[in-house]
Amino acid sequence: MKQRTPLVSHIFTADPSAHVFDDKIYVYPSHDLAHDGEDNDDGDEYQMEDYHILSMDNLDEETPCVDNGEALHMKDIPWVSKQMWAPDVAKKGDKYYLYYPARDKDGIFRLGVAVGDKPEGPFKAEADYMKGSMSIDPAVLADDDGKYYCYNGGLWGGQLEKWQTGEYVENPAEIPADADSLGPFVAELTDDMLQFKETPKMIKILDENGEPIKAGDEDRRYFEGPWMHKYNGLYYLSYSTGTTHYLCYATGTDPMGPFTYRGRLMEPVLGWTTHHSIIEYHGKWYLFYHDCELSNGINHRRNVKFTEIEYNEDGTMKTIFPYDHLDK
Ligand code: FUB
């Protein structure tokens, strides 16, 4: 296994959504651009325009990670104005569906779908965004019963708090620290994979007493970057806490929630954002994530990495310290 090194270094990559298709590993990242713009809470520094899909024949040390070139560019999508952020992919039948967030012509983040015949693309985008979609960071679970669920949402630049009433509010009041925290949205996808089957609903993340985690609980509350996987029949919702830079997870028995907070999956990495995905490959579990090693900490010049995950007997996940291998 490669030891927590950037998977590629010729471009900046972030927000990796990893999948195994036909025994190969495919990584769907954001493609960070190396401009010199300033960072701000609106995420203006993340000026991505296209997607490059990475692939690996296996996870051995010597196996190269291949950049399959441009798979989709925003110039080919009528509804997009800018900022092609973190994508994900799902396979149904012999088609691949790329879900991606971007700002529409009014500057509002929406989700789009693009369809391809191969996991590495190219992908052809639908002309309009998904009806009823909002905010960022789509992650799609292909459940064992044949249903597909789309999770998404992110605070601040991701505009999640602007949708807390169900309608878009440009300048919402600040959420009090003792109010219930916002969660990601979830909706089942239609059979053709192109729309939501229902109005997306906000997921509740509860504490050990069954009470909703509060907005002021920044070590545990949801911020962005949801991922859903199943382990021993249980649903694991993992996510970033944003301001405190942790990857955390909560578990539940229903893909629509609620979920109960269970712990911390990874301590902070170099750089402001944390964003991840989880896959099983040949009987082991892996975390794909990013940090800013190649740029020495520039928040919008990130690079994708992976490492192994271990579970405890009780289903909790061992916390990963992203740089502890450097001490050995
Ligand atoms: O890459 C842009 C944004 O930064 C993503 O959508 C968030 O999850 C954060 O990683």
Side-chain angles (χ1 to χ4, degrees), residues 6 11-18 27-35 37-52 54 72 74 80-89 98-104 107-112 129 133-140 150-163 182-185 221-228 237-249 265-266 268-278 287-295 297-305 322:
I11 55 173
F12 291 110
T13 55
D15 308 324
S17 290
V27 183
Y28 300 84
S30 302
H31 176 196
D32 281 354
L33 296 181
H35 63 85
E38 271 182 43
D39 283 17
N40 60 36
D41 290 351
D42 241 0
D44 288 341
E45 64 275 28
Y46 300 108
Q47 291 293 347
M48 298 82 105
E49 296 180 354
D50 65 357
Y51 297 115
H52 284 228
L54 311 177
L72 179 67
M74 70 177 198
V80 168
S81 65
K82 60 179 180 177
Q83 292 180 303
M84 304 272 283
W85 284 10
D88 190 23
V89 157
L98 178 80
Y99 298 87
Y100 60 93
R103 287 189 199 255
D104 68 11
I108 300 175
F109 267 109
R110 306 285 187 177
L111 303 186
Y129 56 76
S133 65
M134 58 244 163
S135 198
I136 59 167
D137 291 353
V140 174
C150 180
Y151 302 85
N152 85 291
L155 292 168
W156 294 15
Q159 303 182 335
L160 182 60
E161 63 276 37
K162 295 181 192 284
W163 289 99
L182 302 182
F185 290 108
R221 66 94 172 79
Y222 178 83
F223 189 91
E224 64 184 2
W227 188 258
M228 181 64 69
L237 169 68
S238 41
Y239 56 91
S240 165
T241 61
T243 48
T244 47
H245 317 292
Y246 301 123
L247 289 180
C248 290
Y249 66 100
L265 175 55
M266 190 159 78
V269 295
L270 175 66
W272 202 93
T273 61
T274 55
H275 190 119
H276 76 296
S277 59
I278 294 169
L287 174 77
F288 283 72
Y289 64 103
H290 66 233
D291 69 7
C292 298
E293 179 185 323
L294 288 177
S295 68
I298 300 176
N299 287 335
H300 66 277
R301 299 185 195 180
R302 300 166 288 182
N303 50 261
V304 168
K305 298 178 168 182

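As the structure lists them, so they are numbered: ligands from 1, and atoms in each ligand from 1. Start at 1 with the first residue, then count along the sequence.
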Protein contact of [atom] - nearest heavy atom, named by residue and atom, plus distance:
atom	answer
atom 1 (O) of ligand 1	D15 OD2, 2.5 Å
atom 3 (C) of ligand 1	W85 CE3, 3.8 Å
atom 7 (C) of ligand 1	E224 OE1, 3.4 Å

Those atoms of ligand 1 less than 4.0 Å from some heavy atom in I136: 6 (O)
Enumerated ligand 1 atoms positioned under 4.0 Å from heavy atoms of M48: 1 (O), 2 (C)
Audit row: W156, F223, ring-ring contact (aromatic ring centres under 6.0 Å, His included) steps and yes/no: CA-CA 9 Å; W156 294 15; F223 189 91; 5.4 Å; yes
Residue portion contacting ligand 1 (non-hydrogen atoms closer than 4.0 Å) for R302: side chain
Flag for N299-D39: side-chain donor and acceptor within less than 3.5 Å: yes
Distance-only donor-acceptor check, side chains S240 and H275, under 3.5 Å: no
Aromatic ring pairing H300/H35, orientation class (parallel under 30°, perpendicular over 60°, tilted between): parallel
Nitrogen or oxygen of H275 less than 3.5 angstrom from that of ligand 1: yes
Test of proximity, D137 against ligand 1: N or O pairs below 3.5 Å: yes
Close approach, Q83 and ligand 1, non-hydrogen under 4.0 angstrom: no
W227-Y151 aromatic ring centre distance below 6.0 Å: no
side-chain hydrogen bond (donor to acceptor under 3.5 Å, both in side chains) between T13 and H290, intermediate numbers included: CA-CA 8 Å; T13 55; H290 66 233; over 6 Å; no
Heavy-atom side-chain contact between V80 and Y129 under 4.5 Å: no
